[in-house]
Amino acid sequence: MGSRRDFLEKLTVSTISLPLLYNPTNLFAASDEAYDGPILKVAIMGLGSYARRVAKAMESCKRAKLTGVISGTPSKIVEWRAKYGIPEKNCYNYDNFDRIKENPDIDVVYVITPNGLHKDQTIRVAKAGKHVICEKPMGINAQEGQEMVDACKAANVKLLIGYRMHYEPKTVEVIRMRKAGEFGKLKFFQGQSGFTIGDPTQWRLNKKLAGGGAMMDIGIYSINGARYMLGEEPIWVTAQETKTDSVKFKEGVDETIQFQMGFPSGAVASCLSTYAMSHLDRFFLNGEDGFAEMQPSTGYGPIKGRTHKGELKQPHITHQTLQMDGMAQLIFEGVEPIVPLDGEEGVKDMKIIDAIYLAVKTGKRVDL
Ligand code: NDP
């Protein structure tokens, strides 16, 4: 803890105060400040690689704690119970997790399973009366997303999407600058999101479980990023697909898509989503009075970037720690992040993905 304090003390007052203005959670997670408020009791569903990262990050949370697991793999439950001290009564499988309804030790279920399972699992959790955090993409199309939103509303529970960048300090600073008009009239956004995917048998390359290909998994960062960097909703998309390996990337599983979006102000976005290029993680925002450039822009960090005013110096704090403390604060105190991350926000991205796939198929511009 001491090293964190030292780290924070080295920051200038101005760099500390900017994220605090918009999201006090950001530096709270890294500070030594004591907390004696309510703790969000979280069960994770699907104990795969991202769940491991989230659970580790939550060890540093002040407002959120891992209290339960839902898994189809009994050996993982044994391992997680030992690692996180989870009582047996807080462990479930995919057949019996509706019983979570009777468990006061769980406030929220964090769904971290393959995309094609999110909708049904989210709706079951909502019906069990628990809040839901669902990983991106929230489902495999906008219709699924809307059903999830409706189910959570009907059950009077919150639905939040795992958009961790909405709490990331350098991202928050660029959004603050944009809101303050520091870039002037915005003209252009460029988002490039991709990595080279490995194992051809993994669920990410299975249309039923993934809902698509790179666009669902990584291209969504450029879509969400275009919206939070420009601060507008697109009104049209055009898109072109390139496929170099039709064995690995079967029908309905996109390898590389270039897409463009037009916004009401006249700003345009030009983006690339791919499973066939390494280290592709870059955002560029251009306005009449300035620019922001981030590379890496959405990886696990540290995020690096600069604007026309100089280097972005906000601290790196594990994204998922900020996210989970932030979501706890949102659920308990109604404190919203600088850009929303609720189910409706997720549906907006899904509608754009649907439109991009349609534009690829028809070769035509699709209006939103
Ligand atoms: P993994 O394959 O590593 O883990 C998924 C887990 O889901 C499995 O380990 C398994 O857990 C469970 N599962 C249930 N049914 C199935 C099934 N039919 N096939 C495969 N797994 C199943 O995936 P990730 O953790 O990488 O991704 C999970 C979700 O998280 C995705 O929606 C992805 O987009 C998202 N994600 C988000 C990131 C972010 O930065 N926000 C980063 C990475 C992923 P068990 O054995 O316990 O049942």
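Note that the structure is predicted; figures quoted are calculated from it, not measured. Whatever order the structure lists them in is the order used to number ligands and atoms, beginning at 1.
In summary, the atoms of ligand 1 found under 4.0 Å from a heavy atom of L117, numbered by their order in the structure, are 14 (C), 15 (N), 16 (C). Taking every heavy atom of Y94 and a limit of under 4.0 angstrom, the matching atoms of ligand 1 come to 11 (O), 12 (C), 13 (N), 14 (C), 45 (P), 48 (O). Close contacts between ligand 1 and N115 involve ligand atoms 31 (C), 32 (O), 34 (O) [criterion: under 4.0 Å to a heavy atom]. Close approach of ligand 1 to D217 is summarised as follows: ligand atoms under 4.0 Å from at least one heavy atom of the residue are 34 (O). Interface of G162 with ligand 1, defined as ligand atoms under 4.0 Å from a residue heavy atom, comprises 41 (N). Within the listing of ligand 1, atoms 39 (C), 40 (O), 41 (N) sit less than 4.0 angstrom from a heavy atom of R164. Remark: ligand 1 atoms within the under-4.0 Å shell around heavy atoms of G46 are 7 (O), 11 (O), 12 (C), 47 (O). Residue K136 approaches ligand 1 through these ligand atoms, each under 4.0 Å from one of its heavy atoms: 32 (O), 33 (C), 34 (O), 35 (C), 37 (C), 41 (N).
At least one heavy atom of R204 lies less than 4.0 angstrom from ligand 1. Judged by the shortest distance from any of its heavy atoms, Y163 lies outside the 4.0 Å radius around the atoms of ligand 1. Residue contacts with ligand 1: W80 is excluded, as none of its non-hydrogen atoms falls under 4.0 Å. Residue contacts with ligand 1 include H118, since one or more of its heavy atoms lies under 4.0 Å from the ligand.
Taking the six-membered ring for Trp and thresholds of 30 and 60 degrees, F189 and F283 have ring planes more than 60 degrees apart, a perpendicular arrangement.
Under 4.0 angstrom from ligand 1, the non-hydrogen atoms of Y221 all belong to its side chain.
What sits closest to atom 4 (O) of ligand 1 on the protein, heavy atoms only, is G48 CA, 3.2 Å. The closest protein non-hydrogen atom to atom 47 (O) of ligand 1 is S71 OG, 2.6 Å.
With side-chain heavy atoms closer than 4.5 Å counting as contact, directly or through intermediates, the hydrophobic cluster containing L280 also holds L272, M277.
The pair E232-R227 fails the salt-bridge criterion, with no side-chain N (NZ, NE, NH1 or NH2) lying under 4.0 Å from an Asp/Glu carboxylate O.
Checked against side-chain hydrogen bond (donor to acceptor under 3.5 Å, both in side chains), Q323 has the following partners two or more places apart in sequence or in another chain: Y110.
Checking I70, V69, T122 one by one against M45, the side-chain contact (heavy atoms from CB on, under 4.5 Å) holds for a single residue, I70.
Annotation: Y300 is not in aromatic contact with H319 [ring centroid separation under 6.0 Å not met].
For the pair R63 and Y35, the cation-pi test (distance below 6.0 Å, angle within 45°) is passed.
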